[in-house]
Amino acid sequence: MKVLNYGSLNVDYVYSVDHIIVGGETQHSSKLEVFSGGKGLNQSIALAKAGVPVYHAGIVGTDGDILLDACKEAGVNTKYIRRLPVKGGHTMIQVDKNAQNCIILYGGTNQMQTKEFVDEVLADFGEGDYLILQNEINMLDYIIDQAYEKKMKIVMNPSPFDEKLNSCDLGKVYLFLLNEIEGEQITGYKDKDSILDAMAEKFPDACFVLTLGSDGAIYYDGKEKVFQDIFKVKAVDTTAAGDTFTGYFIAATIEGRSIQEALRMAAKASSIAVSRPGATPSIPEAEEVKKELEIL
């Protein structure tokens, strides 16, 4: 069984500000930091640091060295990452004094996937292999259809949620990991139980993990709900919190851990990540997560 994450790779430009800027306002930034990021890359690095061998597929641009270096440092296999001679995907991120953030995303090379490249990547994968997806690349509908034909297990983080997802057959997804905002966008409901019930009715063959910010997370398989509270820490940067949770949850389930244990490991890893600056640099190693859980 192999794990493929076909997703975005971004250079993150992170500006430390007093508060998130509003329309018409000019504000000095106290600091600028440059990190590797992108939902896809963050999740691949979380998977790798959690101990799962993972292949990453995607496209970087002329500024992609920092992204390839991050993959290699974390042990992510870069066999399916291509480079184009154009500007790559990047973000401009504001992080305020309360560790809240807002993000402007430029797709760049992340939006340059082709059917030929997708076919080339998926040719090496088949039945029972995992495919991890997010909504920061193009060709998602084609990728999902081709992976489903190969009987791969498709895991979907529908973020950021937009109209592109309407063209995707999400009924082919095996596991959804989403937050309350995305849950409301898909179902029209704000209440967590209503979101999960509506998701289960809409996608009866799937399982779901709904993250609730400071209120924890819930797993639902259409029958049983499993809850996990957060581990409270002083937050510094929440940018990679959800991606760290996603990577660690998937890794724990692949290792055969119970849903409750997988949620607990994911919550602990996420709590460590938010206590540190940056996206990929904030993601902890499995040994650190396990050690902290043993102390509790």
Side-chain angles (χ1 to χ4, degrees), residues 1-10 36 38-61 64-65 67-86 88-89 107-158 164 167-177 205-206 243 246-256 280 283 286:
M1 187 272 294
K2 294 182 287 187
V3 179
L4 170 66
N5 186 351
Y6 200 143
S8 58
L9 302 107
N10 293 324
S36 54
K39 295 193 72 64
L41 178 58
N42 293 345
Q43 291 176 15
S44 282
I45 288 180
L47 280 158
K49 288 188 173 183
V52 171
V54 57
Y55 296 87
H56 192 97
I59 304 175
V60 298
D65 286 346
L67 305 172
L68 295 170
D69 290 344
C71 286
K72 292 170 184 174
E73 183 179 345
V76 175
N77 193 306
T78 61
K79 178 180 178 180
Y80 304 102
I81 297 178
R82 300 292 180 265
R83 189 196 291 263
L84 294 177
V86 295
T109 49
N110 292 312
Q111 299 300 317
M112 297 179 185
Q113 321 299 324
T114 64
K115 287 186 178 181
E116 292 75 18
F117 182 47
V118 173
D119 291 342
E120 179 184 337
V121 171
L122 294 183
D124 291 341
F125 297 87
E127 183 173 357
D129 291 339
Y130 277 72
L131 173 64
I132 319 300
L133 297 171
Q134 318 79 28
N135 192 28
E136 287 185 348
I137 61 171
N138 65 316
M139 303 294 297
L140 268 183
D141 52 351
Y142 185 74
I143 295 170
I144 289 171
D145 290 345
Q146 297 306 303
Y148 187 78
E149 283 190 15
K150 289 175 167 288
K151 299 183 179 179
M152 297 179 73
K153 289 187 173 181
I154 301 171
V155 179
M156 183 71 183
N157 174 208
K164 283 197 307 179
S167 65
C168 298
D169 186 354
L170 298 181
K172 296 175 178 177
V173 172
Y174 157 74
L175 170 66
F176 287 90
L177 294 110
D205 296 326
D243 297 331
T246 293
Y248 263 84
F249 179 83
I250 296 168
T253 56
I254 287 173
E255 290 174 353
T280 57
I283 301 171

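What's counted below: heavy atoms across the whole structure, side chains too, no hydrogens, waters or symmetry copies. Note that the numbering runs from 1 along the sequence shown for the chain.
- Residues Asp243 and Gln43 bring a donor and an acceptor atom of their side chains to less than 3.5 Å of each other.
- Without hydrogens or angle criteria, His56 side chain to Gly7 main chain gives a donor-acceptor distance under 3.5 Å.
- In terms of modelled atom types and a separation under 3.5 Å, the side chain of Lys49 and the main chain of Ile283 share a donor-acceptor contact.
- Between Gln111 and Asn138, the closest heavy-atom pair is C-OD1, 3.1 Å.
- With contacts defined as side-chain heavy-atom distances shorter than 4.5 Å, the pair Leu41/Asn10 does not qualify.
- Within the 4.5 Å cutoff, the side chain of Tyr130 has no heavy atoms near those of the Met152 side chain.
- Contact between Ile143 and Ile137 at its shortest, heavy atoms only, is CD1-CD1, 3.8 Å.
- What you find for Ala74 and Ala48 is that their closest heavy atoms are O-CB, 3.4 Å.
- With values rounded to the nearest 0.5 angstrom, Met139 atom CE is found 9.0 Å from Gln146 atom CD.
- Side-chain atoms of Tyr6 and Gln113 form a donor-acceptor pair, as typed in the model, at a separation below 3.5 Å.
- With a 4.5 Å cut-off on side-chain heavy atoms, Leu131 and Phe125 do not count as touching.
- Taking all atoms of both residues into account, the shortest heavy-atom contact from Ser36 to Ala70 is OG-CB, 3.4 Å.
- Between Asp205 and Lys172, every side-chain heavy-atom pair lies at or beyond the 4.5 Å cut-off.
- One finds no salt bridge joining Lys153 and Asp129 here, because no Lys/Arg side-chain nitrogen approaches an Asp/Glu carboxylate oxygen to under 4.0 Å.
- In this structure, Ile59 and Met112 approach most closely via the heavy-atom pair CD1-O, 3.5 Å.
- Around atom OH of Tyr142, more than 12 heavy atoms belonging to other residues, nucleotides or ligands sit under 6.0 Å away.
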(request) Would you check, one step at a time, whether the test side chain to side chain contact (heavy atoms under 4.5 Å, CB included) holds for Asn110 with Val60? (result) CA-CA 7 Å; Asn110 292 312; Val60 298; over 6 Å; no
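- Side-chain contact check for Asn77 versus Val54: every heavy-atom pair is 4.5 Å or farther apart.
- Annotation: side chain of Tyr80 is in contact with side chain of Asp124 (closest heavy-atom distance under 4.5 Å).
- Separating the OG1 atom in Thr246 from the CG atom in Asn157 is a distance of 5.0 Å, to the nearest 0.5 Å.
- Looking at Ser8, its side chain does come within 3.5 Å of a backbone N or O of Gly40 through a donor-acceptor pair.
- A salt bridge links Arg82 to Glu120: at least one charged side-chain nitrogen sits closer than 4.0 Å to a carboxylate oxygen.
- Interatomic distance, CG of Leu68 versus CD of Glu73, reported as 13.0 Å (0.5 Å rounding).
- Considering only heavy atoms from C-beta on, Leu133 stays 4.5 Å or farther from Val155 through its side chain.
- At least one side-chain heavy atom of Ile132 sits under 4.5 Å from a side-chain heavy atom of Leu47.
- Cys71 and Thr78 get closest at one heavy-atom pair: CB-CG2, 3.5 Å.
- Side-chain contact check for Asn5 and Ser44: at least one donor-acceptor pair (N or O, by modelled atom type) lies under 3.5 Å.
- Rounding to the nearest 0.5 angstrom, the gap separating the OG1 atom in Thr109 from the CG atom in Leu9 is 7.5 Å.
- Between Arg83 and Asp65 there is a salt bridge, with a side-chain nitrogen of the basic residue lying less than 4.0 Å from a carboxylate oxygen of the acidic one.
- Interatomic distance, CG of Leu67 versus CD1 of Ile81, reported as 8.0 Å (0.5 Å rounding).
- Distance SG/Cys168 to CG/Asn135: 7.0 Å, rounded to 0.5 Å.
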